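The next block holds one structure in the form of structure tokens; read it before the comments.
Just so we're on the same page: letters track the sequence lines, and every chain starts at 1. Just so it is clear, the structure is predicted and the values come from calculations on it, not from any experiment. No hydrogens, no waters, no symmetry mates; every other heavy atom, side chains included, goes into these values.
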There are 2 protein chains.
Amino acid sequence: MKPFVLIAEDESAVSELLLYNLKKEDYDVAVAADGEEALMMIDERAPDLILLDWMLPKVSGIEVCRRIRNGGANPNMPIIMLTARGEESDRIRGLDTGADDYVTKPFSTTELMARVRAVLRRIRPGLKEDKITVGDIIIDRVAHRVMRNEGEIHLGPTEFRLLDYFMQHPGRVFSREQLLDTVWGSDVYVEARTVDVHVGRLRKALRQGGGEDPIRTVRSAGYALRGD
Amino acid sequence: MKPFVLIAEDESAVSELLLYNLKKEDYDVAVAADGEEALMMIDERAPDLILLDWMLPKVSGIEVCRRIRNGGANPNMPIIMLTARGEESDRIRGLDTGADDYVTKPFSTTELMARVRAVLRRIRPGLKEDKITVGDIIIDRVAHRVMRNEGEIHLGPTEFRLLDYFMQHPGRVFSREQLLDTVWGSDVYVEARTVDVHVGRLRKALRQGGGEDPIRTVRSAGYALRGD
DNA sequence: CACAATTGTCACATAACTGTCGCGGAGCAG
DNA sequence: CTGCTCCGCGACAGTTATGTGACAATTGTG
């Protein structure tokens, strides 16, 4: 199937150019003229890649990016940011927000096409599964839902990320420090014991679905999800 | 199966060059453009070798290296560091952090390919395995579990480390002092007889799995795991 | 702004683990 | 066989790690 690329760009001169070149390279393409429209189309048509203008009417490009990254249907959606020349700090903010690549306007179309290919090539391995099942627990990262034995489990954001991480590595033991690094992020400083509290909350929530505690405590080492 | 090489490099000129050459030598190759992406791919695809740029956006190469070495899924993952010319102190830090080799940019591709082959060929004896099997005992250091004849054995932290150490050197006899040094740590002072107690506890736990006592007492010398 | 949800810390109870003793039995030299 | 040393193991008190309810601060929402 042809990759589907969304162009979020308000200057029609630019979007027409991109449209032309992308179609020539045999992609499915759509154009959104402002941030609001972009978000809607992202939601409805789940693009494989977004070319996202930095400055967009209604909802800015950076805001669109942020929303995709935390809480969007597919947080791994590849994004190439289009920015005006210069603006070094903007570049950094763009990558910080989670863009996969950025291109400064005006740009060479061949270069941009190369980057598009590169990003799309990258998604194959990096792309995470939509659903993971371990034992009687099913996590759906697209719908952001967790099920256990037919019942839905409500989790807070942190507990969700925690469970998500555990389910990607069933059986493996993680130290509190490792969990803080990956689930919380390496830049935030919180007490290691905080992990305990969140594991406790996760356990409590998971208890709703019945069955035994799926999280194993390994004394003086950390926690692991019972795998297999 | 083809060895899988991960390139963690943000300059596309360099990564494209490496990509081209590595593919020509029939490796599976992937590119990560920043440290964060690199960590993700390391986690998900378990490369056989990483070409790691010293300077990487988001998470620096040295930080990536550090995280692999302590606490990664495979702490023995071979790493070749790519650094800018000069920077002798950086070199040293790179090797200190645990890189297996380093190459200064700009580099000769043939030389780099030779080093890649060399590192992949190299099999270090001290290499830690995820799982070790001796007789009917299996120790899984990632999941932190011990099995004997299909049954799981629960061990306290000290007993676990003790068994782990024994299983890395089956058959070899260790004095109480050696065990204290390695399993307990050279800085703590405890009575030598304490080892006896923990060996006893380990035996008792292992008895759960059936079979005969796998630990041999060598009078006036120490203990050893019956190997083969 | 009020309200609900979420988060990080703390304090305390409890469970798990640790190191030491001491007794009795096993191994060994003469 | 005797006397000595060395080792196994149950008991125990001290220490450490973990589970959890409470709470204030923060964030998101309407």
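- For the helix from dC1(C)-dG30(D) to dG30(C)-dC1(D), the end axes, each set by the C1' atoms of five terminal pairs, are bent relative to each other by 40° (nearest 10°).
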*Give the B/S/- string for nucleotides 19-27 of chain C, one per nucleotide from 5' to 3', where a protein heavy atom under 4.0 Å of the base yields B, of only the sugar-phosphate yields S, and otherwise -.*
BBB-----B
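- To the nearest 0.5 angstrom, I138(A) atom CD1 is 11.0 Å from I153(A) atom CD1.
- Residue V188(B) is out of contact with every strand shown, counting any heavy-atom pair closer than 4.0 Å.
- Contacts between chain B and DNA chain D, taken as any atom within less than 4.0 angstrom of a protein heavy atom, begin and end at dT5(D) to dA11(D).
- Put simply, CD on E9(A) and CG on L17(A) are 10.0 Å apart, with the number rounded to the nearest 0.5 Å.
- Of all the heavy atoms in A33(A) and D10(A), the pair that sits closest is O-CB, 3.3 Å.
- The residue from D48(B), I68(B), L6(B) that alone fulfils the side chain to side chain contact (heavy atoms under 4.5 Å, CB included) condition with M77(B) is I68(B).
- Inspection of the R161(B) and S220(A) side chains reveals no N or O donor paired with an N or O acceptor under 3.5 Å.
- F160(B) comes within contact range of no nucleotide atom at all, as no heavy-atom separation falls under 4.0 Å.
- Within the nucleic acid shown, G156(B) comes within 4.0 Å of sugar-phosphate atoms alone, with no base atom in reach, counting heavy atoms only.
- Backbone-only contact: V218(B) has heavy atoms under 4.0 Å from sugar-phosphate atoms and none from a base.
- Between R148(A) and D136(A) there is a salt bridge, since a side-chain N of the basic residue sits under 4.0 Å from a carboxylate O of the acidic one.
- Among the candidates R207(A), R203(A), K204(A), the single residue satisfying the salt bridge (charged side-chain N to carboxylate O under 4.0 Å, His left out) test with D213(A) is R203(A).
- Within the structure, salt bridge (Lys or Arg N to Asp or Glu O under 4.0 Å) contacts touching residues 174-186 of chain B (residues at least two apart or in different chains) are R176(B)-D196(B).
- The ring-ring contact (aromatic ring centres under 6.0 Å, His included) contacts involving residues 204-223 of chain B comprise nothing, where partners must be two or more places apart or lie in separate chains.
- In this structure, the side chain to side chain contact (heavy atoms under 4.5 Å, CB included) partners of H169(B), at least two apart in sequence or on a different chain, are Y165(B), R172(B), F174(B).
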